[in-house]
Each structure stands twice: as structure tokens, then as C-alpha cells.
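The next block holds one structure in the form of C-alpha cells; read it before the comments.
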Amino acid sequence: MSTERVFSTHKIRKQVDLDGIWEFQTIEDYILPRDYHDSISVPSCWEMVMPYCRYRGLAAYRTDICMEETGNLRLIFKGISHTGMIYLDGNYIGRHYNAYTPFSLVVPSVDKGMHQLEVIADNRWSEESRLHIPNDYYTYGGITRSVYQELVPDCFIERIEFEPWFADGSWFAQARVIVKNLSGNTEQVRLEGSCAGRKESAEILIQAEVEKTVNLEFRFEEISAWSHENPALYLFQAVLVTKEGVKDDLIERVGFRMVEQHNGRILINGQPVYLKGINRHEDHGSFGCAIPLSQMDADIKLIENLGANAIRTCHYPNDEKFLDLCDEHGIFVWEESHDRGGDVPRLTHPLFLEQSMKVMHEMLENHYNHPAIIIWGCLNEAASNEEEGALVYQKHFALLATDKSRLNTFASNKYMEDMGKSDLCLGMESLCSFNMYPYWYGDDSVEENLEKMRRRMRETGNAGKPIIISEYGGGGIYNFHDVMRVKWSEEYQADLLTRATKEIFAQDDVVGVFVWQFCDVRISQEGPRRWPMTRPLSRNNKGVVDEYRRPKMAYYALKEAFSERRD
Ligand code: ADA
């Protein structure tokens, strides 16, 4: 079994896991070193390994790979933070920007035998990086997610989009299978798709050096729908056959569910759901953002034990294995494209649109088949109250709206009059989501905040849309106790969550909450915002568990508060 996902993705195609100890060397420029003087585990964040704890810069990685026969080498990188340059036998073969999305490269006709794979990872702040900036979370460095090697035929299956829907008492699906032809000839292939006992196929001609989408239509007789209570999952296998026989395959895991927004409610398979959620950054005191599967599993169980049913992947796409676990546990996911807090100068920077749209494309392409993802999100707390910002939101929502099988939203904090012009973008999203920090940053109550949100929704013709409170919470330092229950004590944080959760649950038009946040996270030292000055221990301490997952009083208070709502 391959380890790319939590299920086998191939029965035919050969995939090798390249995780392990690679050679490692910090460097000063984009020039491969001749000698490597250190080693490091892949995946990992170099900050978690001495002596690189504060290293921000460039580093080279090297490993040997084996081609068992001459053929097309496909390399899959699940995440390099934040820029990766890839070299095979010393030759440059590709580049990728952004830590949080996977990418693949194909090198045709690679000779049988041993080869050297090298990667330069770069986590520097620079003008060229408009999404990874000093922030209220940390941009780690290194090959932070797994790497795989594959041998692919000239015509191979690149990916699958499986879109199910329910109509007239039956489940239907369209499977869009994306096939690539690397060869210089037009190829004739048969594409076979099978799922839940149904089989469909199509014969296609695919021109030289192009990518083609093959549509397979299915109608199913007996299907268990995917839900929080019963997260039923099915395997979809696509097989590619040429006149020489079976050549390639790709297996995806899918779930059958419909997501709608109706009468101010979120409906899953026609049933209203209330989202009791939590914001989770990919961060851990021992692993940084390179969280191993065992810890992902433990995180899911901590979150389930809270009585939560939803997670927001603030503020970037997550590791696919974590999304796989959410599928299995019936946890609803709001997956967010990468960005946090874009002001007008950043949103209008010539590289911002290109970089943010690319991440969004990669998120949609790679995570399309997760039934757990019911909401796509983008542009957390950006300049949605400025004309220039609204233009960027428009472009993002035009792309998100191409997926009709999910809802979309963004977390706004621009509904308050005292922040100047109010939000201009509420009409672009299917749900209205707002971040608020009652009893923490300001003195406004839950009710006062909600009144401002509702007023802005009315003013912009969006009254009646479901409201989500996408963030609320306060800081609490693990093991700091105080009889006065002062700010930063575990007591204050627990009291805040008890009170705010109760007050939000009493609001009829709110259909979900996402507490800020699951675990304490490391924050950037640099940058004009001087984050450490307002973040004791150089962490955002609003986690209900600390960076090592030790529960604070807030964890138990939230568990109690969540148990008050049973729908
Ligand atoms: C914002 C932001 C979060 C975090 C939070 C906080 O709402 O979306 O990333 O910075 O505030 O802790 O203040």
C-alpha cells in the first residue's frame, strides 16, 4: 500500500515513498552545494532540529532515487515551505511557491538506475512572497510534507473529480477523469471507472502532449449517504487501458452528500446542521507544521471529545491525510485558501493575485473529492471594505463558485463602523462569516457585535443568509492560574468561552461557530506588526490546548458549553 493517503491510491501504478533521512545543507544562494555536511528527516521543519531553530533562509536537500526501468518519472511533493526548487542529477526541473499545496513534476524518459534528487527550500521573507509573510502564525522551513516517486506510462491519469448528487430518489455522479498524454503521438485509450458496484467506460483519442478530461456518468442503486453520524465512504477506481493492456490506475475515496443553504440554514442531505467548530493551525511544539499522522489522529480525537463536529483550516489548505481523517470521522471542514489579513497595499501588489489564485486552484484541484469539505473559504480579514479589496474578493469568489457542490465564505472583521468603510463583499458569498472577540480585545458584547453584523447584512441586501461566527476566543497561558481570574489566566479564558458560547448559541440566525483556536501556535518574530509584543511566550495563546496538546481549563469549559447544544 502506498502511504500517500490513508487508503491505497494505486493497485497498478508503482509508487515509492521517499520519506526518510536526506542529506542537508544550509546555503546562501540558489546554487546546489557540492558537499552536504548534515542530514535531516523528510518530512520535517528545520526549526525543530538543532541548530536551525531560528533559521530563516535557504537549505539544500539530497537523496538517491532508483528507476527500476527506463520511463517517465513523476515526483509528488506534498508540501515544501515556502518555495521549492527541484533538481534531478543536478539539472533544474521545476519550482513551486507555497507551503500548503502539493505539486507534481514529470520528467520523461529517465534512464534505469540510480539518480540524485535535490531540493532547495526557501522560507525567507521577500517581495516575491506575498502570502508567506510575518504573521500571527509561523512560516516554517523545509520539506514539510511527504515526497513520492512514481513511474508513469506515456498516457496516465493525473487526477479525478467525482461529483455526486441526489435526484428523484437516486444518487448520481459525474466522474471527471483527467488524463495526460506525454507522448508525441495521438493515443487511443479506454478509461474504465468503477464505484460501489457500478462500472462505466469510455474510449477516447488523446492528442499528443495534451491533457484531456473524460466524463463518466453513474447512477447508483444502493448508497449510504455521507453524514456526520454515518460518514460512509466509497472507493472510486479509474483504470486506463491501451491496446497493449492495462496501463495505469488511480483510486480516490468519495462520499455522497449534498450541501445546500436554504432559509438561513445549512442543510446536509436536506437536514439542517449546526456547526460546533474550532479553528486549527497546523502547528505543534515538537513538529512545527510537519505534523505526523499519529498526531493528526490524536488531534481529531481531542476535537471529537470536545463535542465539536467541524474544523476550519485557518488560514491555508491542510495536509490531505488530515482531510482524509475528517472524511472518516464525519467532521465538517471549512477549508481556506492561503492568506490572512491582506490590506490594500498587499492585495494590490502585482504578485498577490497570481499567487493567491494559484493556491486556490491547487486547493480546489487536489481536495475536490473530500466529502468532509462543505465550505470553501478565502481571504480571512482582508480589505473587504475597500474597492481595491473587493476586486480581489470578486476574482476569488468567481473561482470558488465554479464548485456548485459546496458553500463558500470568508471571515470578515470589517462590519464595525469604527473601522472606517464597512464590508462591501458580503453579497459574493453564500454564508456570511464574521470574526469577533467579545470580552477579549474590546468591551462589546456578543449581542452588540451581532447587531453590527446584522445591520451590515441588511444594508447590503444580505439579510436572511446563514451567519457563522468564524472566530471568537481569548488568550490563556497553560498553567497560569489566578484567583482574580485575570486576562491570560486559564480561568479567564475558560470563563470567556463559557459565556460567549452560551450567548452565541442563543442567537437564532447563527448556524455555526468556530472557536479561536484549537492549539497554541508559534508566531513570527519579525515584521511591522511586532507580533511578539502582544503574544506572551511568542505564541498565540488562544488554544484550548497548548502547543503539546495539554488541555487547558478552557478545553473542559468549551466541552461543557458545546454539550448544551444538541442539534
Ligand atoms: C484574527 C485572525 C487570526 C488571529 C486572531 C487573534 O481574527 O483571523 O488569525 O490572529 O485574530 O488571535 O487575534
Side-chain angles (χ1 to χ4, degrees), residues 6 45 48 137-138 228-229 231 273-336 370 372-374 469-481 490-491 493-498 500-501 505 512-522 537 539-566:
V6 305
C45 301
M48 313 321 277
Y137 58 92
Y138 205 79
H228 171 61
E229 295 74 22
V273 295
Y274 192 94
L275 304 179
K276 287 189 273 187
I278 196 149
N279 286 279
R280 176 180 173 274
H281 266 300
E282 287 183 326
D283 198 9
H284 187 282
S286 299
F287 313 115
C289 68
I291 299 184
L293 184 62
S294 54
Q295 186 61 53
M296 291 180 197
D297 180 54
D299 282 1
I300 294 262
K301 294 191 174 138
L302 269 169
I303 290 170
E304 276 185 329
N305 180 58
L306 260 183
N309 62 4
I311 292 172
R312 173 174 171 230
T313 73
C314 53
H315 299 298
Y316 39 78
N318 271 24
D319 191 313
E320 276 165 22
K321 284 185 188 158
F322 184 73
L323 299 171
D324 282 341
L325 295 179
C326 291
D327 289 341
E328 289 183 358
H329 287 259
I331 296 190
F332 301 117
V333 175
W334 157 338
E335 180 157 65
E336 190 152 292
H370 291 281
I373 301 174
I374 60 165
I469 302 304
S470 31
E471 292 181 23
Y472 69 103
I477 295 172
Y478 180 76
N479 226 354
F480 168 42
H481 294 283
E490 285 202 33
E491 287 79 3
Q493 185 193 20
D495 292 348
L496 186 159
L497 286 180
T498 302
T501 307
F505 279 179
V513 295
F514 289 87
V515 168
W516 191 267
Q517 62 179 332
F518 171 58
C519 61
D520 291 347
V521 301
R522 184 166 169 170
L537 309 179
R539 298 197 165 271
N540 184 316
N541 294 299
K542 298 187 189 74
V544 295
V545 299
D546 78 349
E547 66 274 26
Y548 297 107
R549 290 7 183 199
R550 293 175 298 191
K552 302 180 195 169
M553 286 174 71
Y555 180 87
Y556 299 101
L558 184 62
K559 181 173 168 142
E560 177 70 27
F562 271 178
S563 73
E564 298 294 316
R565 194 154 183 148
R566 302 204 176 275

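- Listed here is the closest heavy atom pair of A290 and C45: N-SG, 3.6 Å.
- Applying the ring pair (Phe, Tyr, Trp, His ring centres under 6.0 Å) test to F514 and every residue at least two apart in sequence or in another chain returns W334.
- For residues 288-297, the pairs satisfying salt bridge (Lys or Arg N to Asp or Glu O under 4.0 Å) are D297-K301, with sequence neighbours left out.
- Partners of F287 by side-chain contact (heavy atoms from CB on, under 4.5 Å), not counting sequence neighbours, listed by chain and number: H284, P292, Q295.
- No donor-acceptor distance shorter than 3.5 angstrom exists from the side chain of N318 to the backbone of E335, with no hydrogens or angles considered.
- Panel note: side chain K552, backbone Q493; no donor-acceptor pair is recorded below 3.5 Å.
- From C326, atom SG reaches atom CD of E304 across 9.0 Å, with rounding to the nearest 0.5 Å.
- For the atom pair CD1 of I291 and NZ of K321, the computed distance is 13.0 Å after rounding to the nearest 0.5 Å.
- Under the rule for a side-chain contact (heavy atoms from CB on, under 4.5 Å), the partners of Y556 that lie at least two apart in sequence or sit in another chain are P551.
- At least one donor-acceptor pair under 3.5 Å links the side chain of R549 to the backbone N or O of E547.
- Summarising the geometry of H481 relative to E491, their closest heavy-atom pair is ND1-OE2, 2.9 Å, with the distance given to 0.1 Å.
- Side chain of Y478 to main chain of G543: no donor-acceptor pair is present (N/O by atom type, distance under 3.5 Å, no hydrogens or angles).
- Looking at residues two or more places apart in sequence or on another chain, you find a side-chain contact (heavy atoms from CB on, under 4.5 Å) between H228 and N309, F332.
- Residues that satisfy the side-chain contact (heavy atoms from CB on, under 4.5 Å) test with I303, not counting sequence neighbours, are I278, R280, A308, I311, F518.
- Rounded to the nearest 0.5 angstrom, I331 CD1 and I374 CD1 are separated by 12.0 Å.
- L275 approaches A310 most closely through the heavy-atom pair CB-CB, 4.1 Å.
- Going from atom CG of L323 over to atom CD1 of I373 covers 5.0 Å, rounded to the nearest 0.5 Å.
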Practice task
Would you check, one step at a time, whether the test side chain to side chain contact (heavy atoms under 4.5 Å, CB included) holds for N279 with E471?
Solution key: CA-CA 8 Å; N279 286 279; E471 292 181 23; 3.8 Å; yes

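- Annotation: ring pair (Phe, Tyr, Trp, His ring centres under 6.0 Å) contacts of F562 (sequence neighbours excluded): none.
- Considering CG of N541 and SG of C519, their distance stands at 11.0 Å, rounded to 0.5 Å.
- Of the possible polar contacts, one joining the K559 side chain to the N305 backbone as a donor-acceptor pair under 3.5 Å is found.
- Every residue was checked against the ring pair (Phe, Tyr, Trp, His ring centres under 6.0 Å) condition with Y472, not counting sequence neighbours, and none meets it.
- The side-chain heavy atoms of C289 and Y138, taken from C-beta on, include no pair separated by under 4.5 Å.
- Under the ring pair (Phe, Tyr, Trp, His ring centres under 6.0 Å) criterion, H370 pairs with H367, not counting sequence neighbours.
- Heavy-atom minimum distance, V544 versus A554: CG1-CB, 4.0 Å.
- Residue Y316 forms a side-chain hydrogen bond (donor to acceptor under 3.5 Å, both in side chains) with just one option from E336, H281, E282, and that option is H281.
- Listed by chain and number, the residues in a side chain to side chain donor-acceptor pair (under 3.5 Å) with D319 amount to none (sequence neighbours excluded).
- Contact annotation: the side chain of L293 approaches that of V6 to within less than 4.5 Å [non-hydrogen atoms, C-beta and beyond].
- Ring pair Y137/H315 is tilted by interplanar angle, where 30° to 60° counts as tilted.
- The two residues L497 and G473 come nearest to each other via the heavy atoms CD2-CA, 3.9 Å.
- Under the side chain to side chain donor-acceptor pair (under 3.5 Å) criterion, N540 pairs with D136, Q517, not counting sequence neighbours.
- The heavy-atom pair separating M296 from F322 by the smallest distance is SD-N, 3.5 Å.
- Applying the salt bridge (Lys or Arg N to Asp or Glu O under 4.0 Å) criterion to D327, with sequence neighbours excluded, gives no partner residue.
- Distance alone, capped at 3.5 Å, places no donor-acceptor pair between the D283 side chain and the V521 backbone.
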